[in-house]
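So that the names make sense, note that chain A is the first sequence line, chain B the second, and so on, each numbered from 1.
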Amino acid sequence: MSRIKEFNLPDLGEGLTEGEILAWLVKVGDVIELNQPIVEVETAKAAVEIPAKWAGQVRSIFHPEGSTVEVGTPIIAIDTDPGAGPIEESTTDTPSAASLAAVEVAPSEGAIEPGLIGGPAPGGRTAVLVGYGPRTTAAKRRPRRADVPSPTPPASSADHGVAVGDKPASIATIPAPQVHDRRNGAGLVLAKPPVRKLARDLGVDLGVVTGSGPLGSITREDVQRAASGSATAAEPLTVAAPTTVAASFGADREQRIPVKGVRKLTAENMSRSAFTAPHVTEFLTVDVTRAMKALDRLRGRREWRDVRVSPLLLVAKAVLLAVRRHPMVNSTWAGDEIVVKDYVNLGIAAATERGLIVPNIKDAGRLSLRELADAMTDLVQTAKAGRTSPAAMSGGTLTITNVGVFGVDTGTPILPPGESAILAFGAVRELPWVHKGKVRPRQVTTLGLSFDHRIIDGELGSKFLRDIGDFLADPEAALLAWT
Amino acid sequence: MAKGDPGVTTRGRRAAPRSKRAAAAAGDPELVQLLTPEGERVETSVGPDGTEYRVDFTDEEYRGLYRDLVLVRKLDAEATALQRQGELGLWASLLGQEAAQVGSGRALRSQDMAFPTYREHGVLYCRGIDPIMPLGLFRGVDQGGWDPNEFKFNMYTIVIGAQTLHATGYAMGVAMDGKTGGDDGEAVIAYFGDGATSQGDVNESFVWASVFNAPLVFFCQNNQYAISEPLERQTRVPLYRRAGGFGFPGVRVDGNDVLASYAVTRHALDNARHGQGPSLIEAYTYRMGAHTTSDDPTRYRIASEVEAWQAKDPIARMKAFLTRQQIADADFFAAVDEQARTESVHLRERVLAMPDPEPATMFDHVYPNGSPELDEQRAQFSRYLESFEGSAH
């Protein structure tokens, strides 16, 4: 027994209770050295590599990549003396039964009061002893209360690694979306600071709560009542199932997929944006035949021979030129002021294996068409390889989502938080179209522009969309006229 | 290197026009440097007040400094690994700062007193102290206490900047005891980081040390980040220039250059021991790792910045120098690596063997000579522990 050593996931950061296995750096059968990196684990504080505690041969790996593991749970078994011949099977492939119970058994979110260590904190984070954890993970502190119910472990230990259907954590435990109350600073609602904090923790917008306290102030009970109501209202948004996961249904013919990582971040961002920014969406259908021909001519040029030229490039160019004519669309609603930006960090929504990410091209307005083409190619390749850095995904000011690649005509995109406009670019189709008085087959696409009505009125939004359309209808003329 | 060997010479101030030698400091006229990142030796480097810094080591001493750097890095890496394996609660790695610590640590004479932060593992090593000493603290099996007088090395101080006040008081005591004024005088060194310079404690220390002419060297390892806060949020002037406002000299040294760190520190300590008062050294360096094992530096700094500092690695430049000058060969480097490996494995084994503390020991160091009240509390607590069935304690 002592030959096979099980390594338990340690507390990697002063009081954390769990971590997510990001990547295994070794596989079963590998011979490893002391302190050789074996696994990359992400906690609420950091993504770190764990070095091997013993030299030897990897005997078993207990948790697949992507699984969340409680501190103290065995994650790997190492044969510390592989040269000494075979060993009896009983000690090898499964971790001790007691330790299995800890896997994926997270106390329900509501068990810890908001504001306490281990409880939910602003922005969907988890309060920890030192600072706040990131938004993207759900690592929890050890609960302070002893009365947290402990769910029973999965009955079968044979498929403990991938027992998605057996997980006790259900989608119902997803916290309510975190809505940022932007009116606090303006003093329009009356509420005591602890009540404001409670509202923030529970994701309640104080602006829509009716106060029952003195002078119409909002009380703790008002917030709690509002929280229990809003949680149900928001539910449909948070349970979009990722399409990449193969269906694995339980006996009840329902599949429960833990919400985490990119899916969780997307859900938080979209809920936050959908419930704070009043969106308007407008559509425009454009004959882009000339633009497509222009693209062909561009591809034919010697200096563009090795460049990837797609219709999206022209749409990006159109957006950047139109922003120059209507700077107000490139702005952020900051509560009591509107921040208009002189630079465009152009976001391109990309569907990747890990989910939707929106990296952006910094200061895209200053790039030549050729530089823009290179930047877009680079951005897409980086995203597909899963190497997009956090920096590349932050600071976006205006976004294009190319839903056309999925073969659909248009959509009503939701604004990325902090941005005021997003353009959906639909499929380019050959359709009958009235051209110079006759019905002709023409290349036609539909643009959908969502914008934040707090900043952008219908007139401005329409002009902006019209300009994008004008450019795509006749790029040469638009370039001559505008630049 | 033999302890107490001067190994350094400094000449009188304003010996020659500065411009002629300023280029030696690798394009940065503010930085004292004796070994460039490429491993080129610079004969002499001049500080802002005109002091000329140079070192004059034997080959054996050069090799000794290299060995120190490698060992300190390896032991530090072992401690980081132990934390990742759940054997330490926390570790503050010194990765990247080895030269500043070894250079200044080796510049201390045996009678000098050091006041560390919680990251001075390299200085501790150079004091000849067993590197296991602070690990009990980070493993949570003791309270990090040791006899500062025995080691001439104060306890690790977690509170940012607090040790500079302790050091100032201690140094004022040294002066009042008449222990300064000659080659055998005692000097004091206080370690802190760039973030600590924004603390009231550090600024108060500057005032007191200055007006009481305390024999104290303020050794600031500017590793560019106060956890996640970059240097530009700490200061609008180079940190070493702050000393001027308090009335004592300041100098910036290449903290990744062990030779320059040694020369500058030795000079400052000697000034202090001769009764010439305090000075500030800003060792310009970079924390290559995380602030502590609980930190993720990729969230606040970019990879290209880390790579740029990688090119200034303190060990790589020393190795290049030793190789080029044929002071050391491949056998020597292999032997040092092997020694580092052996010592780190030994350290690991001893850490894993550390016993859990007896609960009653928490009463041991409350008062130097105990008290009847404390004895009663200890007895009560012991009776309580014994009331548990099968209690080992």
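- Proximity to chain B (any heavy atom under 4.5 Å) is restricted, for A/Leu34, to the side chain, taken from C-beta onward.
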Discussion item. Show, in sequence, the C-alpha distance, side-chain angles and deciding distance for A/Asn35 and B/Arg84, and conclude whether the side-chain contact (heavy atoms from CB on, under 4.5 Å) test is met.
Written reply: CA-CA 10 Å; A/Asn35 287 343; B/Arg84 295 280 183 247; over 6 Å; no
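- Other residues, nucleotides and ligands contribute more than 12 heavy atoms inside 6.0 Å of the CD atom of A/Glu371.
- Enclosure of atom CD in A/Glu33 is not indicated, since only 12 or fewer non-hydrogen atoms of other residues, nucleotides or ligands lie within 6.0 angstrom.
- Counting heavy-atom neighbours within 6.0 Å of B/Tyr384 OH, excluding the residue itself, gives a total of 12 or less.
- Comparing B/Ala81, B/Ala303, B/Gly89, B/Pro297 by heavy-atom pairs within less than 4.5 Å of chain A, the highest count is held by B/Ala81.
- Residues meeting the ring-ring contact (aromatic ring centres under 6.0 Å, His included) test with B/Phe138, sequence neighbours left out: B/Trp91.
- Heavy-atom minimum distance, B/Arg348 versus A/Lys53: NH1-O, 3.6 Å.
- Remark: the backbone N or O of A/Pro51 is paired with a side-chain donor or acceptor of B/Gln85 at under 3.5 angstrom.
- Pairs of residues two or more places apart, or lying in two chains, that qualify as salt bridge (charged side-chain N to carboxylate O under 4.0 Å, His left out) and include a residue from residues 92-101 of chain B are B/Arg73-B/Glu98.
- Contacts with chain B were tallied for A/Ile50, A/Leu9, A/Val48; A/Val48 has the most, counting heavy-atom pairs under 4.5 Å.
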